[in-house]
Amino acid sequence: MKLNQFAMAIAAFTLGVAQAATLKTTDFIAAPAHFNGFEDLPESSTYGPAYTEDGITVTQVNGEANDIWTTYTFWGAQGDRAWYPNGGDTGYTAITLQGGGQFGDVSFLAGSGYFADNLVLYYELALGGSVVQSGALDHTRLGHWVGFSGGGFDEIRLRDNSEPISSLTGGFNAFALDSIKVASPVPEPETYALMLAGLGVMGFVARRRRS
């Protein structure tokens, strides 16, 4: 009985989202396991829509397919390259891990092509294509750190605006991105499957012994 209860607890923890991720507004990852600084990108304003560096993939979704301004860095980006939809678009920027794993802790440098006050940065955290958390925070044209800790998601969706909109829909987007840091990656779903399979075998053996 105790073994079955333990197996059920493990399944609930590994297959479900235990709690909401925590929003961070500081550079809280000192030693990232993966880092995408866009420094391998060409000097171009016609790049896109996706780029992968050190296991981190960035994709411009529903925007112009080849309209990323890689040298738009005066907003506070680090280094010579960044990710910015040239002149803005009506899409959003998605961050995922190469291979589709879940995030643990992640942070990035956020900026904007807007020359306006009262900017808002909208975000969605998704797992398996479904939104598990969303929100908004005060945003600025100048670079500032944003991040999430606690895991429970495998995709981050980002866009900004100078007026209230409904999440990632409608309005103009000029979100700029650089220096993505990822730490404490969550084990792949296959790891969970093996763990649960092992628990199932343990339960089967225990039942055989009782019988």
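Computed from a predicted model, the values in this text were never measured in an experiment.
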* List the steps and the verdict of side-chain contact (heavy atoms from CB on, under 4.5 Å) for Y51 and T59. => CA-CA 7 Å; Y51 172 70; T59 307; over 6 Å; no
With hydrophobic residues grouped by side-chain heavy-atom distances under 4.5 Å, do [X] and [Y] end up in a single group?
X: L137; Y: L158; result: yes
X: L125; Y: L121; result: yes
X: I56; Y: Y123; result: yes

Compare every heavy atom of [Y] with every heavy atom of [X], then report the nearest pair and how far apart it is.
X: W145; Y: T26; value: CB-C, 3.7 Å
X: P32; Y: K181; value: CB-CB, 3.8 Å
X: A82; Y: L41; value: O-CD1, 4.1 Å
X: G111; Y: D160; value: O-OD2, 3.9 Å
X: I68; Y: G48; value: CG1-CA, 4.2 Å
X: S134; Y: V131; value: CB-CG1, 4.4 Å

Rounded distance (nearest 0.5 Å) linking atom [atom1] of [X] with atom [atom2] of [Y]:
X: F35; Y: I180; atom1: CZ; atom2: CD1; answer: 8.5 Å
X: L177; Y: L109; atom1: CG; atom2: CG; answer: 8.0 Å
X: L127; Y: Q102; atom1: CG; atom2: CD; answer: 5.0 Å
X: S107; Y: I29; atom1: OG; atom2: CD1; answer: 4.0 Å
X: W83; Y: E53; atom1: CH2; atom2: CD; answer: 11.5 Å
X: F108; Y: D27; atom1: CZ; atom2: CG; answer: 12.0 Å

* Yes or no on side-chain contact (heavy atoms from CB on, under 4.5 Å) for F103 and D105, after CA distance, side-chain angles and deciding distance? -> CA-CA 6 Å; F103 286 96; D105 296 340; over 6 Å; no
* Compare all side-chain heavy atoms of Y84 with those of D178 and state whether any distance is below 4.5 angstrom. =>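 In short, these two side chains do not touch, never coming nearer than 4.5 Å.
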* Heavy-atom side-chain proximity of P85 to D67 below 4.5 angstrom ->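 They are not in contact (no side-chain heavy atoms under 4.5 Å apart), so the answer is no.
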* Count the heavy atoms of every other residue, nucleotide or ligand shown that sit under 6.0 Å from CD of Q133, and state whether that count exceeds 12. =>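 Enclosed.
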* Asked: Do other residues, nucleotides or ligands put more than 12 heavy atoms under 6.0 Å from N66 CG?
  ->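 Enclosed.
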Per-pair distances, 0.1 Å, donor-acceptor, side chain in residues 149-157, under 3.5 Å, sequence neighbours excluded:
{"unit_1": "D154", "atom_1": "OD1", "unit_2": "G128", "atom_2": "N", "d": "3.4"}
{"unit_1": "D154", "atom_1": "OD2", "unit_2": "G128", "atom_2": "N", "d": "3.1"}
{"unit_1": "E155", "atom_1": "OE1", "unit_2": "R157", "atom_2": "NE", "d": "3.4"}
{"unit_1": "E155", "atom_1": "OE1", "unit_2": "R157", "atom_2": "NH2", "d": "3.2"}
{"unit_1": "E155", "atom_1": "OE2", "unit_2": "R157", "atom_2": "NE", "d": "3.3"}
{"unit_1": "R157", "atom_1": "NH1", "unit_2": "E124", "atom_2": "OE1", "d": "3.2"}

Show me the side-chain donor-acceptor pairs of residues 70-77 shorter than 3.5 Å, one per line, residues at least two apart or across chains.
{"unit_1": "T70", "atom_1": "OG1", "unit_2": "P42", "atom_2": "O", "d": "2.7"}
{"unit_1": "T70", "atom_1": "OG1", "unit_2": "S44", "atom_2": "N", "d": "3.0"}
{"unit_1": "T70", "atom_1": "OG1", "unit_2": "S44", "atom_2": "O", "d": "3.0"}
{"unit_1": "T71", "atom_1": "OG1", "unit_2": "W69", "atom_2": "NE1", "d": "3.0"}
{"unit_1": "Y72", "atom_1": "OH", "unit_2": "S112", "atom_2": "O", "d": "3.3"}
{"unit_1": "W75", "atom_1": "NE1", "unit_2": "Y72", "atom_2": "O", "d": "2.7"}

* To do: Give the C-alpha distance, both sets of side-chain angles, the deciding distance and a yes or no for side-chain contact (heavy atoms from CB on, under 4.5 Å) between T22 and F148.
  => CA-CA 5 Å; T22 302; F148 304 94; over 6 Å; no
* Plane angle bin for F175 and H139 - parallel if under 30°, tilted between 30 and 60°, otherwise perpendicular ->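 Ring orientation, 0 to 90° scale: tilted.
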* Asked: Got a sec, which residues hit salt bridge (Lys or Arg N to Asp or Glu O under 4.0 Å) with D40, two or more places apart in sequence or on another chain?
  ->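 For D40, no residue satisfies salt bridge (Lys or Arg N to Asp or Glu O under 4.0 Å) once neighbours in sequence are set aside.
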* Look only at the side chain of N161 and the backbone of F172, and say whether a donor-acceptor pair between them is shorter than 3.5 Å. =>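 At least one qualifying donor-acceptor pair exists.
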* To do: Could you tell me whether the side chain of N173 and the main chain of T90 form a donor-acceptor pair under 3.5 Å?
  =>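 Checked: no pair found.
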* Asked: Going by atom types alone, do N36 and D54 pair a side-chain donor with an acceptor below 3.5 Å?
  ->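 There is no such pair (donor and acceptor under 3.5 Å, judged by atom type) between the side chains of N36 and D54.
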* To do: Please report the C-alpha distance between Q60 and T93 in whole Å, then the side-chain angles of each, then the deciding distance to 0.1 Å, and finally whether the side chain to side chain donor-acceptor pair (under 3.5 Å) criterion is met.
  => CA-CA 5 Å; Q60 199 66 20; T93 302; 2.9 Å; yes
